[in-house]
Number of protein chains: 2
Amino acid sequence: MRVSELVAASGVPLATVKYYLREGLLMPGEASSATQAVYGEQHVRRLALIKALAGVGLPLGKIRTIVGLVDHPADTVFDTLGRALAALPPYPVDGDRAAAGYPRARAVLERLGQVYEPSYPAVAQLERALAAAEDVGIPMTDERLEVYARHIRAIAEIDLELMPTDSVESAIEYAVLGTAIYEPVLAALRRLAHQDIGAETFSGRTFGDFTAPDATPHRQDES
Amino acid sequence: MRVSELVAASGVPLATVKYYLREGLLMPGEASSATQAVYGEQHVRRLALIKALAGVGLPLGKIRTIVGLVDHPADTVFDTLGRALAALPPYPVDGDRAAAGYPRARAVLERLGQVYEPSYPAVAQLERALAAAEDVGIPMTDERLEVYARHIRAIAEIDLELMPTDSVESAIEYAVLGTAIYEPVLAALRRLAHQDIGAETFSGRTFGDFTAPDATPHRQDES
């Protein structure tokens, strides 16, 4: 197809397509004359990937990293996906905690017996999140961690089970987009589960009942 | 204690304390003279709450809503916590989807048989998150939803079990801060669980093995 058809097929404006070509995010078409090139399904697919990555908030430099891994995967699947996932926000910022070796995150991961690569940003992300919980006075406890970790693992397992393995591109695309896009879904589901459980637990209860030493509401004989 | 002692005890600068007093976020002290007031533990506690809420990114107007509910709870526990939690981001933006009645979120919640209050922002949040998943080509499936919902519910249950019930203030504080502060922890734990499961699943595998029709790696006799 010609570039005008690529624009129509992808929904990406011509100026943006040209920009991606110049920046090397989109591979060049096959030259059909000195001034024209022919594009194919791979170009439509690449533009859809770039669009989706931009849509989850990735800056251009990070999108470049990911399409670079699609075109030139690392030696192993693990390294390739790890590097692609490292392109997702939140980006590490605290040299201090890195220097201190992420003590909270390491303690949690060692307790869980999980394999982890400290240079991948999820470790710094966990450290920061645990420190924030401490700061507001609701630090992670063993009891909470045990439940969270067990159920999050089950969620992560289905994520991996559903990963397509037909191509490097679809695996990377699924890993990156699925990780990013399902975090807000899970957050919303948790808030709605709180609401559903709360509706039952607190049904008709006032704070008077709630904070009374005997919290079980019971009817008084009116006499 | 005097205001200078309140500043020392809370770690909140004097100008900020005065600002919170003027804005009505911090209750006035007890006047001890025409120009002086005495503050107590409730003021230290309130400043800690305001600081923590600001720390999770809440704007002043939303902090006002929450401290207002601490001082004047709604009729029921459910309504009070619901209104407090509605002060958390993300804030609803799309009139269009509200008008369309959140079809994706409703379908999910009805499938799960959950009680929900459509005016609470978590419904809009779920709708937006599900639409985003659709947009990038990884729409929610029944299989994924069943696993996600079951395990998120178990997480929500421990959240509710661990809620303090000794006062309105501590219940609201826990509900709001615990909801906000543990979302990034759960997101990081999921990414790290992917890493741990991936390390095992993909151990030593290259994309050659991975995308081969027979994906089980096997050794060829070298001859």
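Lettering follows sequence order; numbering is per chain, from 1.
Both tests hold for A/Arg144 against B/Tyr182: distance to the six-membered ring centre under 6.0 Å, angle to the ring axis within 45°. Cation-pi contact between B/Lys51 and B/Tyr20: absent, since separation from the ring centre below 6.0 Å together with deviation from the ring axis within 45° is not met.
The contact between A/Leu126 and chain B is made by backbone and side chain atoms together, counting heavy-atom distances below 4.5 Å. Neither the backbone nor the side chain of A/Leu53 comes within less than 4.5 Å of any heavy atom of chain B. Residue A/Leu162 touches chain B through its side chain alone, counting heavy-atom pairs closer than 4.5 Å. Heavy-atom distances place the side chain of A/Val108, and not its backbone, under 4.5 Å from chain B. If you measure heavy-atom distances from A/Ile155 to chain B, the contacts under 4.5 Å come from both the backbone and the side chain. Residue B/Leu186 touches chain A through both its backbone and its side chain, counting heavy-atom pairs closer than 4.5 Å. With a threshold of 4.5 angstrom between heavy atoms, A/Tyr120 approaches chain B through side-chain atoms but not through N, CA, C or O.
Chain A forms the most heavy-atom pairs under 4.5 Å with one residue out of B/Leu189, B/Val56, B/Leu88, B/Ile181, and that residue is B/Ile181. Ranking B/Thr201, B/Ile158, B/Leu112 against chain A, the residue ahead of the rest is B/Ile158, based on heavy-atom pairs under 4.5 Å. Most heavy-atom pairs under 4.5 Å with chain B: of the set A/Ala156, A/Gly198, A/Gly82, A/Ala52, this distinction falls to A/Ala156. Highest contact tally toward chain B, considering only A/Met140, A/Glu157, A/Glu200, is held by A/Met140 [criterion: heavy-atom pairs under 4.5 Å]. Counting heavy-atom pairs closer than 4.5 Å to chain B, the top-ranked of the candidates A/Arg150, A/Glu161, A/Glu183 is A/Glu183. Heavy-atom pairs under 4.5 Å with chain B peak, among A/Ala180, A/Ala133, A/Pro184, A/Gly137, at A/Ala133. Note: B/Thr80 leads B/Thr80, B/Leu130, B/Asp75 in heavy-atom pairs under 4.5 Å with chain A. By number of non-hydrogen pairs under 4.5 angstrom with chain B, the leading residue of A/Ala48, A/Pro90, A/Ala105, A/Ala122 is A/Ala122. Taking B/Thr179, B/Thr76, B/Leu49 one by one and counting their heavy-atom pairs under 4.5 Å with chain A, the maximum is reached by B/Thr179.
Between the side chains of A/Glu143 and A/Thr141, no donor N or O sits under 3.5 Å from an acceptor N or O.
Taking the side chain as every heavy atom from C-beta outward, A/Tyr19 and A/Leu60 approach each other to under 4.5 Å. The shortest distance between side-chain heavy atoms of B/Ile50 and B/Thr16 does not fall below 4.5 Å.
A salt bridge links B/Arg45 to B/Glu173: at least one charged side-chain nitrogen sits closer than 4.0 Å to a carboxylate oxygen. Between A/Glu146 and A/Arg111, no side-chain nitrogen of the basic residue sits less than 4.0 Å from a carboxylate oxygen of the acidic one, so the salt-bridge criterion is not met. One finds no salt bridge joining A/Arg153 and A/Asp159 here, because no Lys/Arg side-chain nitrogen approaches an Asp/Glu carboxylate oxygen to under 4.0 Å.
Going from atom CG of B/Leu192 over to atom NE2 of B/His194 covers 10.0 Å, rounded to the nearest 0.5 Å.
Remark: B/Glu110 CD is packed, more than 12 non-hydrogen atoms of other residues, nucleotides or ligands lying under 6.0 Å away.
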